[in-house]
Every structure is written in structure tokens, then in C-alpha cells.
Amino acid sequence: MSKILVTGGAGFIGANFVHYWRGEYPADVLVVLDALTYAGNPASLEAVKEQAGFHFVHGNILDQALVEGLLREHEIDTIVHFAAESHVDRSIHGPDAFIETNIVGTHSMLKAAREVWLAGSGREHRFHHVSTDEVYGSLGPADPPFTETTAYAPNSPYSASKASSDHLVRSYHHTYGLQVSTSNCSNNYGPYQFPEKLIPLIIVNILAGKPLPVYGDGQNIRDWLYVDDHCRGIDLILKKGEVGGVYNIGGNNEWTNIDIVKLVCALMDECFARDEALNVRFPAAPEVVGRQAESLITYVKDRPGHDRRYAIDAAKCRAELGYVPRESFATGIRKTIAWMLENESWWRAVMDGSYRNWLDSHYGRMRRG
Ligand code: NAD
Ligand code: DAU
């Protein structure tokens, strides 16, 4: 049985990881540590919150004493470190929080792990650091995909902060012998994603009849992976990955942004054609007045420093861990749209901030992003 501390478990991938892990390993203990910034939502953990062996702690990864206390109290043997500021646009407008959480916060986690696991208990342990393909920078159209040995070339404050945290994790392995692993994953999509990211943003804007903002010429390319496949990749790394190892996880699924937006538009049109109740629930949607969702596409000013293309070479994961994504994009994107349509109250609450009042009454007012 494992006892796992999941940082950022109330965020998009962290919450999916919790659901994945509870499904696969129900006897394991999971402790979620999350500061509940704008991106963290305990409602994403509603289904597991009363389960035996699950604990939610409202707190900050920068609080080293708190983390050390959790590692000791729950005899944690594994940390899966998701907590981060994750949105590139926010990092452009306000980089400080990214430096604080992603760099100083990760360092605080490493110090706590070293103190408890190396100086203290001496138990077998693993510190798994969840990182991103953005640390490798931007690819040209004919460049081969990123491998684990591609040189780091981060271009945004977000990716620079993640790159820095990757280096810190590596250094704690080489210098102190902390048993670490790192995964660098491509763009995730799926349930519980905050609607500031491209796919959920497009879905909610169609439902509200709002413009669908496409940055620049819409030809930037991302490699999309269903979030459960990311979680399974981390699982395999924890079980079979080498200590000190770095693994790229990706979907082998490159799309230009404009093609993704057009696909989501077409699938949303299909949903409205199939289900008349949607016309009543979402009266501002273009389909209600006989227009297609694509009519909302609006090209807007490009993101500064916008990386042109990301693509992951997941050969190492495949060869060493037997990793292959299970979800096809055709099914994953439909599942994601269906989830958004079935969970309107979740995304409305995170978008209008109304769940903040609930948070304040349950957790008190602490600093949130
Ligand atoms: P997210 O923004 O949805 O969630 C981040 C979570 O971390 C939130 O619950 C937030 O409250 C919490 N958090 C933020 N600062 C904290 C702090 N100081 N202390 C404790 N908790 C804090 O992010 P996500 O999209 O789920 O990404 C999770 C991780 O995966 C990040 O490290 C990100 O860099 C990485 N990643 C994301 C993607 C992607 O496509 N979303 C792809 C590859 C890697
Ligand atoms: O590659 C992994 C990364 O993917 C993660 O590390 C990040 O945490 C995650 O946010 C994501 O970063 P991106 O910047 O690629 O994701 P985002 O959803 O913000 O944007 C996807 C693409 O769509 C990108 O090229 C910018 C573009 N875009 C985005 C938004 C929000 C638009 O054209 N319009 C938009 O409104």
C-alpha cells in the first residue's frame, strides 16, 4: 500500500489523478495539499471527499513545516507534485506568482522531502515532479518532436519557472540522493479543466454565444492528450520508472489551434442538433438561431512570445514502461464536451467565483491567487 501526498490535487490534472488513483488503488492513502487558488476547486473532489483513506488539506506548498508535518503524520512514501501556476497568459501578465509557487514552492517541497525522508525516517520514497513539454521551447514545422534529451529553451515566464523547478528536482537527486522522477507532458484536456484553457474556453463561449478568440493566425500546434492518459503515465513511472529518470508523456496527436476550434464547433453543432433541450438551457448559443458555432471564431492579437509548435516523442515511455495512450482524440474530445454539458454548475461556479463564498465559510479566508 502506498501513502501519497498529491500537491495541487484540487486542480485540473491533480483532481483527475485523485479519481484515477482511487479507482485503481482504493486501499492507498491519498493526502491532497492544495492552496485553492483561483484554479483549485474542492468541488472537483466531491466524489471522494468522504472516502476512507482520503484527506484534503487546505494549505500552501511554500509552508515547509506544514509539508513536513504531513509527511510524518501520514507516513507518506510518495509525493506527486502537481501544484503550480499553470496558465501561460497569466504568467505573461503577472510572472511573480509563477516564480513563487513553481520555483520557490517546488524548492520548499524538496527541502521538506529531504528533511523527512533523508535526514529523518530513511524510508524508501519517491518525489515525482509533474512538468511540461513547454520547457523545451518551440519547434519548427519539420523539427523532430521533443525527446528527454532535447535542450531546455523555455520561452514564457511559466515555462521558465517550470524549467527551473525541473533543474531543482534533478539537483536534489544528484546532490542529496533524493529519489525523484520527472515527467514532461504535452497539452492535457478532459473533465475539470478551468475554462481559461483553450478547449473548455471554446466550449463555454459557444454556449454563451461569445466570440471564440484564436490567437494570431491559429496555426500554432499543440500535441493533445486526454488527462487520464497522463495520469496513467505517471502511475507507470511511479511503478516502473527509474529513480532520477525523466519521461516525456504525449499523445502523438498534433493539431493546429484553428483545427481544434473548428472541430469543437462542429461537435457542439452536432450536440445541439441531437438534443433540443440544449436550446432551452443555452439560449445565447449560435445554434439556437440557426447559426453554426464557427461563426463565432474571431482572430485576435497573438500571445506575446507564442510558441509555434510542441510535439512529444514518447518512445522512451513506450519502450521502458509499455506506455501507450488509451483514449483516441475522437472519443476523448466527445467525452470532454459531454462532461461540460453535464456539469454546467461546476464550470459556472468556477467562472463566476460564486464557490468562493462557500470556500470562505469552509476554509476561512487565506490568500488565494
Ligand atoms: P491547474 O492550474 O488546473 O491546478 C493547479 C493546482 O495547484 C490548483 O488546484 C491550485 O489551487 C494549486 N496550487 C497553486 N499554487 C499552489 C500553492 N502555492 N500551494 C498549493 N497548491 C497550489 O493546473 P493543471 O493544469 O492541473 O496542471 C497541474 C500540473 O501539471 C502543473 O504543474 C502543470 O505545470 C503541469 N502540466 C499541465 C499540463 C496541462 O496541459 N494542463 C500539461 C503538462 C504539465
Ligand atoms: O504543453 C503543455 C502546457 O499546455 C501546460 O504546461 C500548460 O500548463 C497548459 O496551460 C498548456 O499550455 P498552452 O499555452 O499550450 O495552453 P492554452 O490552452 O492556454 O493554449 C493552447 C493553444 O491555444 C495555444 O497555442 C494558445 C491558443 N489559445 C489559447 C487560448 C486560451 C488561443 O488561440 N485562444 C485562447 O483563447
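We count ligands from 1, going down the list as the structure has it; atoms in each ligand are counted the same way. As the structure is a prediction and not an experimental result, all values here were calculated from the model. We use all heavy atoms of the structure for the numbers below, so side chains are in, but hydrogens, waters and symmetry mates are not.
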### Query
Are Arg232 and Glu24 ion-paired here, with the side-chain N under 4.0 Å from a carboxylate O?
no
### Query
Would you call Arg72-Glu68 a salt bridge at under 4.0 Å N-O?
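Here Arg72 pairs with Glu68 in a salt bridge, since their nearest N and O are under 4.0 Å apart.
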### Task
With the side chain counted from C-beta on, respond yes when Phe146 and Asn248 share a heavy-atom pair under 4.5 Å apart, and no when they do not.
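Side-chain contact under 4.5 Å: yes.
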Can you find an N or O of [X] that's nearer than 3.5 Å to an N or O of ligand 1?
| X | answer |
| --- | --- |
| His81 | no |
| Thr132 | no |
| Thr37 | yes |
| Cys185 | no |
| Gly11 | yes |
| Asn41 | no |
| Asn60 | yes |
| Leu62 | no |
| Phe12 | yes |
| Asn188 | yes |

Sub-4.0 Å heavy-atom contact, [X] with ligand 1:
| X | value |
| --- | --- |
| Phe194 | no |
| Gly105 | no |
| Gly59 | yes |

### Verdict with supporting geometry, Asn16 and Asn188, side-chain hydrogen bond (donor to acceptor under 3.5 Å, both in side chains)
CA-CA 11 Å; Asn16 278 284; Asn188 285 215; over 6 Å; no
For [X], atoms of ligand 1 separated by under 4.0 Å from a heavy atom:
| X | result |
| --- | --- |
| Leu36 | 11 (O) |
| Thr101 | 15 (N), 16 (C), 18 (N) |
| Tyr158 | 33 (C), 34 (O) |
| Ser131 | 43 (C), 44 (C) |
| Ser86 | 1 (P), 2 (O), 23 (O), 25 (O) |
| Asn187 | 40 (O) |
| Ser186 | 42 (C), 43 (C) |

### Message
Restricting to ring pair (Phe, Tyr, Trp, His ring centres under 6.0 Å), what partner residues turn up for Trp117, sequence neighbours left out?
### Response
His125
Write down the atom of [X], the atom of [Y], and the distance for their closest heavy-atom approach.
| X | Y | value |
| --- | --- | --- |
| Leu71 | Arg123 | O-NH1, 4.3 Å |
| Ile249 | Asp229 | CG2-O, 4.5 Å |
| Pro195 | Trp347 | CG-CB, 4.2 Å |
| Tyr158 | Ser91 | N-OG, 3.1 Å |
| His93 | Pro95 | C-CD, 3.9 Å |

In terms of residue, atom name and distance, what is the protein heavy atom nearest to [atom]?
| atom | answer |
| --- | --- |
| atom 34 (N) of ligand 2 | Pro213 O, 2.8 Å |
| atom 29 (C) of ligand 2 | Tyr215 CE1, 3.6 Å |
| atom 9 (C) of ligand 2 | Ser86 O, 3.9 Å |
| atom 11 (C) of ligand 2 | Asn187 ND2, 3.4 Å |
| atom 24 (C) of ligand 2 | His306 NE2, 3.4 Å |
| atom 36 (O) of ligand 2 | Leu201 CD2, 3.2 Å |
| atom 1 (O) of ligand 2 | Asp133 OD1, 2.5 Å |

Close N or O approach ([X], ligand 2; < 3.5 Å):
| X | value |
| --- | --- |
| Trp224 | no |
| Ser186 | no |
| Asp89 | no |

#### Entry: Side-chain donor-acceptor contact under 3.5 Å, His128 with Ser183
yes
### Message
Between Thr7 and His81, is there a side-chain donor-acceptor contact under 3.5 Å, judged purely by atom types and distance?
### Response
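The criterion, which ignores hydrogens and geometry beyond distance, is satisfied for Thr7 and His81.
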### Sub-4.0 Å heavy-atom contact, Lys162 with ligand 2
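Lys162 does not count as a contact of ligand 2 under the 4.0 Å cut-off.
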Of the side chain and backbone of [X], name the one, both, or neither that has a heavy atom under 4.0 Å from an atom of ligand 2.
| X | answer |
| --- | --- |
| Val88 | side chain |
| Asn257 | side chain |
| Glu134 | side chain |

Please could you name the atoms of ligand 2 that [X] approaches to less than 4.0 Å, counting only its heavy atoms?
| X | answer |
| --- | --- |
| His87 | 19 (O) |
| Tyr158 | 5 (C), 6 (O), 7 (C), 8 (O) |
| Val214 | 33 (O) |
| Thr132 | 1 (O), 2 (C), 3 (C), 5 (C), 6 (O) |
| Leu198 | 18 (O), 21 (C), 23 (O), 28 (N), 29 (C), 30 (C), 32 (C), 34 (N), 35 (C) |

Does ligand 1 have a heavy atom under 4.0 Å from the side chain of [X], from its backbone, from both, or from neither?
| X | answer |
| --- | --- |
| His87 | neither |
| Tyr38 | neither |
| Asn184 | neither |

### Message
Between His107 and Tyr172, is the ring centroid distance below 6.0 Å?
### Response
yes
### Task
I would like to know whether His129 and Ser165 meet side-chain hydrogen bond (donor to acceptor under 3.5 Å, both in side chains); could you show each step before the answer?
CA-CA 9 Å; His129 176 56; Ser165 65; 3.1 Å; yes
### Query
Relative to each other, are the rings of Tyr192 and His19 parallel, tilted or perpendicular (30° and 60° limits)?
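Ring orientation of Tyr192 relative to His19: parallel.
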### Query
In terms of ring plane angle, is the pair Phe56 and His58 parallel, tilted or perpendicular, where the classes change at 30° and 60°?
parallel
### Message
Please compare Glu196, Gln219, Arg308 and report which has the shortest non-hydrogen distance to atom 31 (C) of ligand 2.
### Response
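It is Glu196 whose heavy atom sits nearest to atom 31 (C) of ligand 2.
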### Query
Would one find more than 12 heavy atoms of other residues, nucleotides or ligands at under 6.0 Å from atom NZ of Lys239?
yes
